[in-house]
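Everything on this sheet refers to the single structure shown next.
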Amino acid sequence: MKQVTRSPYARYLGAAVAALAFAWGTPAQAHCDALDGPVVQQGRKALDSGNVNLVLGWVRKANESEVRAAFERAAAVRKQGGAARDLADQSFYETLVRVHRAGEGAPYTGLKPAGHIEPAVAAADKSIDNGQIKPVARMIFDEAEQGLHRRFAAVQSTRKHAPDDVEAARRHVDAYVDYVHYVERLHGSAGAKAATPGGEAGHGH
């Protein structure tokens with residue numbers, strides 16, 4: 001995609017786009033149900049270390065007992081090794097992810113294979129690991145600004161049309177609505193409160 005040259009209003013747009021990953025997140029874009037996602041990875045560490053506390057941060061306090069019980073079952077069965085160990089681990093991961101997503105108000109549709117995490121989510125995870133936020137900020141900023149330019153250009157290109165050309169008028173209205181709603185979402189995101197652990201918004205994965 002062609003890069004858009006930064007304009008003078010960039011610093012004002014930055015505040016809005018910084019919140020997009022949280023404000024526009026949906027369960028369909030989740031990665032907490034992937035085998036290489038953070039929930040399963042932490043679940044694997046918990047099983048290998050024998051410490052269930054390593055995963056309890058991913059579930060609500062009200063659901064903690066279910067995860068503890070699943071952990072104890074898995075820990076007992078995996079001692080048999082081989083296929084039994086693999087099945088025990090899988091069962092625990094499924095319970096852990098299901099309970100985590102229920103706490104978010106998201107449906108559980110099974111564990112997803114590794115290697116299918118969205119690039120933006122992978123970049124966000126990487127930024128946490130390496131402590132570098134700038135690559136993520138630039139990626140989000142560029143996408144948002146390019147989205148604005150595309151929609152603005154569409155509105156401008158459809159403004160002039162014959163008064164009786166109803167189809168042309170509809171194309172302009174469609175472009176107008178798309179542009180205005182995009183701006184509205186950006187602006188709304190800038191004022192959105194970030195989700196906090198245990199808050200109504202959940203973890204947002």
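For reference, positions follow the sequence shown, starting with 1.
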Backbone N/O of Tyr108 and side chain of Arg98: donor-acceptor pair under 3.5 Å = no
How far does NE2 of His161 sit from CZ of Arg170, to the nearest 0.5 angstrom?
-> 11.5 Å
Taking C-beta and beyond as the side chain, do Tyr176 and Thr158 meet within less than 4.5 Å on heavy atoms?
-> no
Tell me whether Phe152 is reachable from Val177 by hopping between hydrophobic residues (I, L, V, M, F, W, Y) whose side-chain heavy atoms are closer than 4.5 Å.
-> yes
Might you work through the side-chain contact (heavy atoms from CB on, under 4.5 Å) test for Val155 and His172, ending with a clear yes or no?
-> CA-CA 6 Å; Val155 173; His172 174 63; 3.9 Å; yes
When every non-hydrogen atom of Ala74 is compared with those of Phe92, the smallest separation belongs to CB-CB, 3.8 Å
Do Val40 and Leu96 come close enough that some side-chain heavy atom pair is under 4.5 Å?
-> no
Report the C-alpha distance between Arg78 and Asp48 in whole Å, list the side-chain angles of each, state the deciding distance to 0.1 Å, and finish with yes or no for salt bridge (Lys or Arg N to Asp or Glu O under 4.0 Å).
-> CA-CA 10 Å; Arg78 73 195 312 255; Asp48 289 343; 3.3 Å; yes
Look at the side-chain heavy atoms of Ile, Leu, Val, Met, Phe, Trp and Tyr, link any pair under 4.5 Å apart, and say whether Met139 and Ile133 land in one connected group.
-> yes
Using the six-membered ring wherever Trp is involved, compare the ring planes of His100 and Trp58 and label them parallel, tilted or perpendicular (cut-offs 30° and 60°).
-> perpendicular
Can you see which heavy atom on Val136 is nearest to which on Ser127, and at what distance?
-> CG2-CB, 3.6 Å
dist Gln41:CD -> Cys32:SG (nearest 0.5 Å) comes out at 12.5 Å
Output for pair (Leu35 CG, Arg44 CZ), nearest 0.5 Å, gives 7.0 Å
Rounded to the nearest 0.5 Å, how far apart are NZ of Lys160 and CG of Asp165?
-> 15.5 Å
Please assess Leu111 against Val97 for the test side-chain contact (heavy atoms from CB on, under 4.5 Å), listing each intermediate value before the final yes or no.
-> CA-CA 8 Å; Leu111 294 177; Val97 171; 3.7 Å; yes
Do Arg68 and Leu56 come within less than 4.5 Å of each other through their side chains, counting heavy atoms only?
-> yes
Spacing of CD belonging to Gln90 relative to OG1 belonging to Thr95, to within rounding of 0.5 Å | 10.0 Å
Might you point out which heavy atoms bring Ala34 and Pro113 nearest each other, and give the distance in Å?
-> CB-O, 4.4 Å
Heavy-atom pair of closest approach, residues Gln132 and Asn130 | N-OD1, 2.8 Å
The single option from Val39, Leu47, Val55 passing side-chain contact (heavy atoms from CB on, under 4.5 Å) against Tyr93 = Leu47
Min side-chain heavy-atom separation Lys126-Pro135 under 4.5 Å | no
Gln42 side chain to Leu54 main-chain N or O, any donor-acceptor pair under 3.5 Å?
-> yes
Do side-chain atoms of Tyr182 reach the backbone of Ala144 as a donor and acceptor pair under 3.5 angstrom?
-> yes
To the nearest 0.5 Å, tell me how far His149 NE2 sits from Tyr179 OH.
-> 9.5 Å
Looking at Glu64 and Val59, what are the two nearest heavy atoms and their distance?
-> CA-CG2, 4.3 Å
